Amino acid sequence: MTLIEELFPICRSITGNGVRQTLEILQHYIPLKVREVPSGTKIFDWTVPREWNIRDAYLANQDGRRIVDFAANNLHIVQYSVPIDVTLPLAELRPHLHTLPDQPDWIPYRTSYYAENWGFCLTHRQLCGLADGPYRAVIDSDLEPGYLSYGELLIRGETDDTVLFSSHICHPSLANDNLSGIAVAAMLARHVQSLQPRHSYRFLFIPGTIGSITWLARNEGTVGRIVHGLVLSCLGDAGGMTYKQSRRGNAAIDRIVAHVLRHDEVPHSIRPFIPYGYDERQYCSPGFNLPVGCLMRTPNGEYPEYHTSADNLSLLRPESLDHSLAVLRRIVAVIEGDVVYRSRNPKGEPQLGRRGLYGAMGGQRAASYDQMALLWVLNLADGNHSLLDIAERAGLGFAPIRAAANALLTAELLEPVSYSRD
Amino acid sequence: MTLIEELFPICRSITGNGVRQTLEILQHYIPLKVREVPSGTKIFDWTVPREWNIRDAYLANQDGRRIVDFAANNLHIVQYSVPIDVTLPLAELRPHLHTLPDQPDWIPYRTSYYAENWGFCLTHRQLCGLADGPYRAVIDSDLEPGYLSYGELLIRGETDDTVLFSSHICHPSLANDNLSGIAVAAMLARHVQSLQPRHSYRFLFIPGTIGSITWLARNEGTVGRIVHGLVLSCLGDAGGMTYKQSRRGNAAIDRIVAHVLRHDEVPHSIRPFIPYGYDERQYCSPGFNLPVGCLMRTPNGEYPEYHTSADNLSLLRPESLDHSLAVLRRIVAVIEGDVVYRSRNPKGEPQLGRRGLYGAMGGQRAASYDQMALLWVLNLADGNHSLLDIAERAGLGFAPIRAAANALLTAELLEPVSYSRD
Amino acid sequence: MTLIEELFPICRSITGNGVRQTLEILQHYIPLKVREVPSGTKIFDWTVPREWNIRDAYLANQDGRRIVDFAANNLHIVQYSVPIDVTLPLAELRPHLHTLPDQPDWIPYRTSYYAENWGFCLTHRQLCGLADGPYRAVIDSDLEPGYLSYGELLIRGETDDTVLFSSHICHPSLANDNLSGIAVAAMLARHVQSLQPRHSYRFLFIPGTIGSITWLARNEGTVGRIVHGLVLSCLGDAGGMTYKQSRRGNAAIDRIVAHVLRHDEVPHSIRPFIPYGYDERQYCSPGFNLPVGCLMRTPNGEYPEYHTSADNLSLLRPESLDHSLAVLRRIVAVIEGDVVYRSRNPKGEPQLGRRGLYGAMGGQRAASYDQMALLWVLNLADGNHSLLDIAERAGLGFAPIRAAANALLTAELLEPVSYSRD
């Protein structure tokens, strides 16, 4: 929450100083590398746009009083508005004013990155109270050659098999979308740094769409190393968990997340991939088709405060942020712990009793939970089932299966198999 | 309806002048070729039977009054009845009289093609009113060496890949089964003639069972070109649509029809293949196993009027005939339009905005329906998904997906892939 | 029932004279071979244990009155109790006394095969009435080098493809678990002896766990001939049928049993394999992974009387035993009768009418049940579908499909295909 509160007031966009400032603050938490790509750079079908910065903007009435003021809320300005200083009657100003008639007290979030335009966003209630004008509209912005900025952190593991976590950082003062994703990703990165992971982990903090496309273009040769990936967004609201599958639908990450959520106490839903949403659109474009899903609580567009001034700090629940982080840590635990073993006594069961792994007194009605985990691991440790396969077939969580495998390893009843599903 | 009204009074059977007359009338609508196969011709396990023609038939009481008269309704005679002129008391006549005790006002439809026999069909109410007789039973019919007649129309397309539509023409004055199928097939043939189709189309108008077996035997060398096929029957009643799958169950035609029906406003059901019904029994026999399903409204045997005098013109709904034809035109549209494309910008999304294919103002809650179709086509245009695959995965109808592909083709964002699922 | 009543009083365990006596009685019914394996023999990860025999055991109060007496019920002694003769106050005796507080009138069944121990089992009500003691505890047992005994019967068929039926014989006076399984297996063996089967059949009567592991070790070279197998247990209670699938889950035996139960009048449930239960644990260990399931009525642990003195003769229903045997005979009928045929007239349907296999009068509403079976067999007799495949696709029982195939064989419309799914 501290990090989120620090980031909330900044006016971010897909380029500009707001992004740089955000990355700099993140660097206080994790050793992020900041990359800058010049405007005009050709990126597949796209061109890196000019950099946008804004100092001031307002709508003033005839008395010179600012009735809409960027200083009060940076959502008041359509992102990428070109500089303007005009005085117009309300009727002519009207096409440049954006409101939400259904939510008359909230300011909408609007952008016009690739079509030159300008505009103000305000509450519908305020719009209804406006006299005929004229009004002076001032936007003191720059749209000049500059850079696209993004941050990345690579945590090297034993292998180059890479796990990608990606969060978009282009939204201004919107809390759930996506300061929640940014903050949870930063805390997850700190957790992964504390491990000695088998996999390498790459955390991206990038502007939406153009940022991920730029990153893909600049890393085209190595994206094939990505064996699992998640886009992180909307992780702080009060809702249950939502997992949107990768385009493949049957990637390992799809099974892993589904497994973790199924054994979690919070309600969840699993949704198939659709080519709309966040940067999974780019990671899952047909030329890449990476195994990247998207983890959210309430999805984009499905909570009323989405893309409005009501997506502010009061929408966030600290316990939701904590829970989202806990789920992600469990996902990492599966990614790291999902190994294939082979039983060293595959013919009949080994005698667990003389190793202290089986109750001495027989005839009981049922096996204990722990004994079932041991029996499942032994029965399926045939070199073809990973521990996750075993957990799924057993209907048990990954943690008790991993614990059973550890006990059997200690008893020298298992041996690892060199095998990779990736 | 005009065609159906013209055909209704004719006494058709599996051979004879009623069939010839029917084909001649159809030739006023479509350029049908008529084939004649001599009686006695060996056809796989069968022999083409003698030709049956009937001029007159009646049951007269002692006063000479015709109490059952073929002239009144040609269902009164068991099809293929041999010539007879006998006078018998009711008790001896009884085994030759067929009624429907459960539907006392309807005349049943009965046949005895391959066992020499004769008989009369009448309402159960009339039978109950009969005195002990005797009665004179006269059937003035021929069962002589002749021909089996059927009609076929081949519409050549760009390729020899052939789509088969088959309707049985052996039923006398029964409207839904199968004048409805004959009329809809004829109208569909006219529609296909107006296209420049990729596929070739073959329309068959044949006597049931022996007709399709005969056609298969005479076209054994080319049936392998049939890539999709449908038997058309019972297409004029008020019920919803029923599709009976091909024996394969997962043929392209099975997916195509299911897709079209799923996106249709009328209720429908999909049924697995069973080896009972219409000529799909022959097309799907194990030695051929063609991808041929059967499209109906209410299936054979499942509406009370089936195979009775109540299956007459009043059972038909012009709007049902129109709707059946519309569904078939949509099926043809999928068959013709289901092409595989590859995105020319597969890495990340292409920039749709600068091509006028994406809304300029960002931040909206959701993508429009048209934009979703564009995004789906782009995302799955990887050379492995046909447009039908895309429509099914998107949960959208084929038409908007086809329209999106056309827009992307115009924008030079797609290219065709030479690929055939057939 | 006679056999069960004869076997009930015997004190069986995993070794000893109770097992020998049981096998000897079974030899009056079927020509069982008895095998003896010496104590100390190494069996995979196990060692054949010492042989346990018990002559007398009791708990006596200070007056010398036997208050718990092995002669009254052999469940009173923890199986494999070592010899003892001590006098102890109740408090010190307490850890050696086993009861069921939830079922205060029933004596539990307890074992301690592989950890040296001794103990008495009694009703909880009796325990609660005990004074402080002291009590004399006497167990007059031997735990000496001897043999592990089991019985097997091989019925040779036309081929070496073997069907395994296995029942555990190690439980003392417990009726449903597993005298029911033993008796039904013996009766099934007599039935199979009366056939001239295609398959060979092997019936095992073995102590649980160590018995099946021993048998597997001694027959390691030929277990690959086992094409189907069932563990038989708990087949006499009033419940419906339960089938626990093999580890493979899609073995032929899994389909066969599911088919037979689906077409049976008694309710049933199918459960996936779990590595807990009876000897299927060993047959399905990863080093063997045999196609062996387990057929039961109410499963182990799921009826309240399980492993208590209430699992006695009064729990059994003769009609349940009969029905279990009938189900197994039907399973054998499928195993024996599930053959692949090819139609000799695969192109179009053959003309059934002239062979007397089709109704002469056409136009009826629907095909008869028998005609549907004929049509299904003809349609799917393509050399790729066994009769069970056909029955499943047709939704018909195996018996009518088998009967239809017999009729078609007589009419020379089918020919056998050399094909084995095993």
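Please read these numbers as outputs of a predicted model, since none were measured by experiment. Within every chain, numbering begins at 1; the chains are lettered A, B, ... in the order of the sequence lines, protein sequences first and strands thereafter.
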For this session: Pick one of side chain, backbone, both or neither for C:Y306, based on which atoms fall under 4.5 Å of a heavy atom in chain A.
Result: both
Exercise. Crowded around A:E412 CD? As in, over 12 foreign heavy atoms under 6.0 Å?
Worked result: no
For this session: Tell me, for A:R342 versus chain C, whether the close heavy atoms (under 4.5 Å) come from the side chain, the backbone, both or neither.
Result: neither
Exercise. Do A:L380 and C:R247 come close enough that some side-chain heavy atom pair is under 4.5 Å?
Worked result: yes
Exercise. Any chance CD of A:Q196 has more than 12 other-residue heavy atoms, nucleotides or ligands included, within less than 6.0 Å?
Worked result: no
Problem set entry | Nearest heavy-atom neighbours spanning C:S285 and A:G348 | OG-N, 2.7 Å
For this session: Using a 4.5 Å cut-off on heavy atoms from C-beta on, say whether the side chain of A:M372 contacts that of C:I274.
Result: yes
Exercise. Non-hydrogen atoms of chain A under 4.5 Å away: do they reach the side chain of C:Q79, the backbone, both or neither?
Worked result: neither
Exercise. With a cut-off of 6.0 Å (strictly less than), are more than 12 heavy atoms of other residues, nucleotides or ligands near CZ of A:R156?
Worked result: no
For this session: For residues A:L378 and C:P286, report the shortest heavy-atom separation together with the two atoms involved.
Result: O-CG, 3.4 Å
Exercise. Between A:E349 and C:W46, what is the shortest heavy-atom contact and its length?
Worked result: O-NE1, 2.6 Å
Problem set entry | Side chain / backbone / both / neither for C:F273 at chain A, heavy atoms under 4.5 Å | both
Exercise. Contact part of A:N345 toward chain C, heavy-atom cut-off under 4.5 Å: side chain, backbone, both or neither?
Worked result: side chain
Seminar exercise, completed: Scanning both residues in full, the closest heavy-atom pair of A:Y358 with C:R281 reads OH-NH2, 3.0 Å
Seminar exercise, completed: CG of C:D45 to CZ of A:R355, rounded to nearest 0.5 Å, is 4.0 Å
Exercise. Using non-hydrogen atoms only, which part of A:R344 is less than 4.5 Å away from chain C: side chain, backbone, both, or neither?
Worked result: neither
Exercise. Nearest 0.5 Å, what's the CD-OG1 distance between A:Q364 and C:T111?
Worked result: 8.5 Å
Exercise. With only heavy atoms counted, which part of C:N117 is less than 4.5 Å from chain A, the side chain, the backbone, both or neither?
Worked result: side chain
Problem set entry | CZ (A:R329) with more than 12 external heavy atoms under 6.0 Å | no
For this session: Heavy-atom distances under 4.5 Å only: say whether C:H171 touches chain A with side chain, backbone, both or neither.
Result: neither
Problem set entry | Rounded distance [0.5 Å steps], CD in C:Q282 versus NZ in A:K347 | 14.0 Å
